[in-house]
Amino acid sequence: MIVDQVGERAVHIAATASIDAIPSLRVAVRALCRLDDPDDEALYLGACTEVLANAIDAQQRTDPRVAIEMVIDPTGQRVLVTDHGPGFDGAEDGEIVVDVQRGRGLTLARMGCPGLAIQSGTDGTTIELPVPHR
Amino acid sequence: MSSLLEVTIRSTTHATTITVSGPFDRASVAVFDAAVTGIPRLGPPLVAVDIGAVDVLDSAALGALVRLRRALGVEVPIELRTARDFQRRILTVVGFEQLFRVVTTEPHPPH
(Lines give C-alpha, C1' and ligand atoms only; values in the text may rest on other atoms or scores of the structure.)
Protein backbone atom coordinates (compact mmCIF):
# COMPACT_ATOMS: atom_id res chain seq x y z
CA MET A 1 0.00 0.00 0.00
CA ILE A 2 1.42 3.38 -1.00
CA VAL A 3 0.15 6.54 0.64
CA ASP A 4 0.82 9.99 -0.77
CA GLN A 5 -0.35 13.35 0.45
CA VAL A 6 -1.54 15.58 -2.38
CA GLY A 7 -2.27 19.22 -1.70
CA GLU A 8 -2.97 20.44 1.79
CA ARG A 9 -4.63 17.40 3.35
CA ALA A 10 -5.77 15.10 0.55
CA VAL A 11 -4.63 11.52 0.84
CA HIS A 12 -4.03 9.31 -2.18
CA ILE A 13 -3.70 5.60 -1.47
CA ALA A 14 -2.73 2.96 -4.01
CA ALA A 15 -3.58 -0.47 -2.64
CA THR A 16 -3.05 -3.99 -3.85
CA ALA A 17 -6.19 -5.42 -5.39
CA SER A 18 -6.72 -7.79 -2.49
CA ILE A 19 -9.57 -8.14 -0.01
CA ASP A 20 -6.94 -8.04 2.74
CA ALA A 21 -6.44 -4.33 1.96
CA ILE A 22 -9.98 -3.40 3.01
CA PRO A 23 -9.45 -3.09 6.79
CA SER A 24 -6.49 -0.73 6.38
CA LEU A 25 -8.29 1.40 3.84
CA ARG A 26 -11.28 1.64 6.16
CA VAL A 27 -9.03 2.80 9.00
CA ALA A 28 -7.89 5.67 6.79
CA VAL A 29 -11.48 6.64 5.97
CA ARG A 30 -12.50 6.53 9.61
CA ALA A 31 -9.51 8.65 10.63
CA LEU A 32 -10.07 11.37 8.03
CA CYS A 33 -13.83 11.46 7.47
CA ARG A 34 -15.75 12.50 10.54
CA LEU A 35 -19.41 11.65 11.09
CA ASP A 36 -21.07 12.78 14.29
CA ASP A 37 -23.50 9.91 14.61
CA PRO A 38 -21.97 6.45 15.25
CA ASP A 39 -24.71 4.65 13.31
CA ASP A 40 -24.24 6.97 10.33
CA GLU A 41 -20.52 6.29 10.57
CA ALA A 42 -21.08 2.54 10.60
CA LEU A 43 -23.32 2.78 7.53
CA TYR A 44 -20.84 5.02 5.68
CA LEU A 45 -17.94 2.69 6.47
CA GLY A 46 -20.12 -0.16 5.24
CA ALA A 47 -20.71 1.74 2.01
CA CYS A 48 -16.97 2.27 1.57
CA THR A 49 -16.42 -1.44 2.24
CA GLU A 50 -18.91 -2.43 -0.45
CA VAL A 51 -17.33 -0.09 -2.98
CA LEU A 52 -13.80 -1.19 -2.17
CA ALA A 53 -14.75 -4.87 -2.47
CA ASN A 54 -16.36 -4.23 -5.86
CA ALA A 55 -13.29 -2.33 -7.06
CA ILE A 56 -10.98 -5.12 -5.93
CA ASP A 57 -13.11 -7.75 -7.63
CA ALA A 58 -13.16 -5.74 -10.86
CA GLN A 59 -9.42 -5.15 -10.79
CA GLN A 60 -8.70 -8.81 -10.14
CA ARG A 61 -10.75 -9.76 -13.19
CA THR A 62 -8.66 -7.48 -15.40
CA ASP A 63 -5.14 -7.42 -13.92
CA PRO A 64 -4.58 -8.13 -10.21
CA ARG A 65 -1.11 -6.59 -10.41
CA VAL A 66 -2.63 -3.16 -10.90
CA ALA A 67 -3.51 -1.29 -7.72
CA ILE A 68 -6.87 0.20 -6.90
CA GLU A 69 -6.85 3.82 -5.79
CA MET A 70 -8.59 5.59 -3.00
CA VAL A 71 -8.51 9.37 -2.58
CA ILE A 72 -9.78 11.22 0.46
CA ASP A 73 -10.17 14.88 -0.42
CA PRO A 74 -8.62 17.68 1.65
CA THR A 75 -11.82 18.46 3.53
CA GLY A 76 -12.42 14.83 4.51
CA GLN A 77 -15.89 15.15 2.99
CA ARG A 78 -15.46 12.87 0.00
CA VAL A 79 -13.88 9.52 -0.81
CA LEU A 80 -13.17 8.39 -4.36
CA VAL A 81 -12.45 4.77 -5.25
CA THR A 82 -11.06 3.89 -8.66
CA ASP A 83 -10.36 0.61 -10.38
CA HIS A 84 -9.18 -0.15 -13.88
CA GLY A 85 -11.44 -3.13 -14.35
CA PRO A 86 -13.96 -3.86 -17.08
CA GLY A 87 -16.66 -1.51 -15.81
CA PHE A 88 -20.17 -2.50 -14.80
CA ASP A 89 -21.65 -5.23 -17.03
CA GLY A 90 -24.00 -3.98 -19.65
CA ALA A 91 -23.41 -0.33 -18.97
CA GLU A 92 -25.01 1.58 -21.81
CA ASP A 93 -25.85 5.25 -21.86
CA GLY A 94 -25.37 5.41 -18.10
CA GLU A 95 -27.57 2.43 -17.32
CA ILE A 96 -25.93 -0.01 -14.96
CA VAL A 97 -26.95 -3.66 -14.84
CA VAL A 98 -25.67 -5.61 -11.87
CA ASP A 99 -26.05 -9.19 -10.72
CA VAL A 100 -28.06 -9.95 -7.60
CA GLN A 101 -25.13 -10.11 -5.19
CA ARG A 102 -23.62 -6.85 -6.38
CA GLY A 103 -27.09 -5.37 -6.38
CA ARG A 104 -27.47 -6.03 -2.68
CA GLY A 105 -24.07 -4.48 -2.09
CA LEU A 106 -24.96 -1.37 -4.05
CA THR A 107 -28.25 -1.09 -2.18
CA LEU A 108 -26.38 -1.05 1.12
CA ALA A 109 -23.76 1.33 -0.29
CA ARG A 110 -26.45 3.80 -1.31
CA MET A 111 -28.11 3.48 2.07
CA GLY A 112 -24.87 4.40 3.81
CA CYS A 113 -24.00 7.05 1.23
CA PRO A 114 -27.13 8.47 -0.43
CA GLY A 115 -25.05 10.78 -2.65
CA LEU A 116 -22.97 7.94 -4.08
CA ALA A 117 -22.13 8.54 -7.75
CA ILE A 118 -20.73 6.09 -10.28
CA GLN A 119 -18.72 6.74 -13.41
CA SER A 120 -18.01 3.55 -15.27
CA GLY A 121 -16.61 2.59 -18.65
CA THR A 122 -14.58 -0.08 -20.37
CA ASP A 123 -11.36 1.36 -18.90
CA GLY A 124 -12.52 1.34 -15.30
CA THR A 125 -14.85 2.72 -12.67
CA THR A 126 -14.67 5.61 -10.22
CA ILE A 127 -17.16 5.80 -7.40
CA GLU A 128 -17.56 8.96 -5.39
CA LEU A 129 -18.75 8.66 -1.79
CA PRO A 130 -19.60 12.04 -0.30
CA VAL A 131 -19.78 11.95 3.47
CA PRO A 132 -23.45 12.31 4.41
CA HIS A 133 -24.61 14.90 6.88
CA ARG A 134 -28.01 15.21 8.51
CA MET B 1 -13.54 -0.12 16.59
CA SER B 2 -11.97 -3.60 16.52
CA SER B 3 -9.88 -4.55 13.51
CA LEU B 4 -10.60 -8.28 13.75
CA LEU B 5 -13.79 -10.32 13.62
CA GLU B 6 -14.36 -12.50 16.66
CA VAL B 7 -16.80 -15.40 16.66
CA THR B 8 -17.68 -17.37 19.78
CA ILE B 9 -20.13 -20.27 19.96
CA ARG B 10 -21.95 -21.54 23.02
CA SER B 11 -24.26 -24.54 22.87
CA THR B 12 -26.86 -25.80 25.32
CA THR B 13 -29.66 -28.28 24.89
CA HIS B 14 -31.99 -25.36 24.15
CA ALA B 15 -29.99 -23.29 21.70
CA THR B 16 -26.71 -22.59 20.03
CA THR B 17 -25.64 -18.98 20.35
CA ILE B 18 -23.14 -17.48 17.92
CA THR B 19 -21.72 -14.18 19.10
CA VAL B 20 -20.04 -12.03 16.46
CA SER B 21 -18.05 -8.88 17.17
CA GLY B 22 -15.94 -6.47 15.14
CA PRO B 23 -16.08 -5.88 11.38
CA PHE B 24 -18.29 -8.49 9.72
CA ASP B 25 -17.48 -7.96 6.04
CA ARG B 26 -15.93 -9.35 2.90
CA ALA B 27 -12.46 -9.43 4.48
CA SER B 28 -13.58 -11.37 7.57
CA VAL B 29 -16.51 -13.51 6.41
CA ALA B 30 -14.32 -16.60 5.98
CA VAL B 31 -13.74 -16.55 9.75
CA PHE B 32 -17.49 -16.73 10.36
CA ASP B 33 -18.02 -19.43 7.73
CA ALA B 34 -15.28 -21.58 9.27
CA ALA B 35 -16.60 -21.10 12.80
CA VAL B 36 -20.19 -22.15 12.03
CA THR B 37 -19.48 -25.00 9.66
CA GLY B 38 -20.09 -27.72 12.27
CA ILE B 39 -23.29 -26.29 13.74
CA PRO B 40 -25.81 -28.00 11.43
CA ARG B 41 -24.45 -31.38 12.49
CA LEU B 42 -25.23 -30.56 16.15
CA GLY B 43 -28.92 -30.37 15.31
CA PRO B 44 -29.74 -27.41 17.56
CA PRO B 45 -33.44 -26.62 18.16
CA LEU B 46 -32.71 -22.90 17.89
CA VAL B 47 -29.78 -20.83 16.68
CA ALA B 48 -29.20 -17.29 17.84
CA VAL B 49 -26.72 -15.07 16.03
CA ASP B 50 -25.83 -12.06 18.17
CA ILE B 51 -24.42 -9.29 15.97
CA GLY B 52 -24.87 -6.56 18.58
CA ALA B 53 -21.14 -5.90 18.77
CA VAL B 54 -20.60 -5.86 15.01
CA ASP B 55 -19.39 -2.41 13.94
CA VAL B 56 -19.33 -2.88 10.15
CA LEU B 57 -21.88 -5.05 8.33
CA ASP B 58 -21.80 -5.54 4.57
CA SER B 59 -23.44 -7.68 1.89
CA ALA B 60 -20.82 -10.42 2.20
CA ALA B 61 -21.79 -10.84 5.85
CA LEU B 62 -25.45 -11.00 4.90
CA GLY B 63 -24.55 -13.69 2.38
CA ALA B 64 -22.88 -15.68 5.15
CA LEU B 65 -26.05 -15.46 7.24
CA VAL B 66 -28.08 -16.70 4.27
CA ARG B 67 -25.67 -19.63 3.85
CA LEU B 68 -26.16 -20.49 7.51
CA ARG B 69 -29.93 -20.29 7.01
CA ARG B 70 -29.75 -22.74 4.12
CA ALA B 71 -27.37 -25.11 5.92
CA LEU B 72 -29.65 -25.38 8.95
CA GLY B 73 -32.81 -25.95 6.97
CA VAL B 74 -36.18 -24.31 7.44
CA GLU B 75 -37.03 -26.34 10.55
CA VAL B 76 -34.45 -24.58 12.71
CA PRO B 77 -35.42 -21.04 13.68
CA ILE B 78 -32.62 -18.49 13.60
CA GLU B 79 -32.78 -15.42 15.76
CA LEU B 80 -30.68 -12.39 14.77
CA ARG B 81 -29.94 -10.27 17.82
CA THR B 82 -29.14 -6.63 17.14
CA ALA B 83 -28.17 -3.83 19.49
CA ARG B 84 -27.68 -0.86 17.20
CA ASP B 85 -29.91 1.05 14.85
CA PHE B 86 -27.67 0.64 11.79
CA GLN B 87 -27.80 -3.15 12.14
CA ARG B 88 -31.61 -3.15 12.19
CA ARG B 89 -31.79 -0.75 9.25
CA ILE B 90 -29.57 -2.99 7.13
CA LEU B 91 -31.54 -6.12 7.98
CA THR B 92 -34.80 -4.34 7.22
CA VAL B 93 -33.76 -2.90 3.87
CA VAL B 94 -32.69 -6.33 2.59
CA GLY B 95 -35.80 -8.02 3.94
CA PHE B 96 -34.16 -10.32 6.44
CA GLU B 97 -37.27 -10.43 8.65
CA GLN B 98 -38.58 -12.92 6.12
CA LEU B 99 -35.71 -15.33 6.79
CA PHE B 100 -34.83 -14.66 10.43
CA ARG B 101 -36.42 -13.51 13.64
CA VAL B 102 -34.81 -10.13 14.26
CA VAL B 103 -34.75 -9.04 17.89
CA THR B 104 -33.32 -6.03 19.71
CA THR B 105 -30.99 -6.42 22.68
CA GLU B 106 -29.16 -4.00 24.93
CA PRO B 107 -26.10 -2.29 23.37
CA HIS B 108 -22.85 -4.12 23.97
CA PRO B 109 -20.01 -2.33 25.74
CA PRO B 110 -17.43 -0.99 23.25
CA HIS B 111 -14.28 -3.00 22.61
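Convention: sequence-line order gives letters A, B, ...; per-chain numbering from 1.
- Taking CZ from F86(B) and CG from D37(A), the interatomic distance works out to 11.0 Å, rounded to the nearest 0.5 Å.
- When every heavy atom of P38(A) is checked against every heavy atom of R84(B), the shortest pair comes out as O-NH2, 3.0 Å.
- A salt bridge does not link R89(B) to D39(A): none of the charged nitrogens lies less than 4.0 Å from a carboxylate oxygen.
- E50(A) places none of its side-chain heavy atoms less than 4.5 Å from the side chain of D25(B).
- Side-chain contact between L43(A) and I90(B) is present, with heavy atoms from C-beta onward closer than 4.5 Å.
- Heavy atoms closer than 4.5 Å to chain A are found in both the backbone and the side chain of D58(B).
- Rounding to the nearest 0.5 angstrom, the gap separating the CZ atom in R26(B) from the CD1 atom in I22(A) is 6.5 Å.
- In the displayed structure, Q119(A) atom CD is contacted under 6.0 Å by at most 12 heavy atoms of other residues, nucleotides or ligands.
- Cluster annotation: V27(A) is not connected to V51(A) through the hydrophobic network of ILVMFWY side chains, with a link wherever side-chain heavy atoms come within less than 4.5 Å.
- L108(A) places a side-chain heavy atom less than 4.5 Å from the side chain of L62(B).
- Cluster annotation: V94(B) and V29(B) are assigned to the same hydrophobic cluster (Ile/Leu/Val/Met/Phe/Trp/Tyr, side-chain heavy-atom contacts under 4.5 Å, transitive).
- Within 6.0 Å of CG in D63(A) there are more than 12 heavy atoms belonging to other residues, nucleotides or ligands.
- Grouping Ile, Leu, Val, Met, Phe, Trp and Tyr residues whose side-chain heavy atoms lie under 4.5 Å apart, directly or via other members, places V71(A) in a hydrophobic cluster with L80(A).
- Going from atom CG of N54(A) over to atom OG of S59(B) covers 7.5 Å, rounded to the nearest 0.5 Å.
- If you chain together hydrophobic residues whose side chains sit under 4.5 Å apart, V49(B) and L46(B) never meet in one group.
- When the side chains of ILVMFWY residues are joined at heavy-atom separations under 4.5 Å, either directly or via intervening members, V47(B) and V103(B) end up in two distinct hydrophobic clusters.
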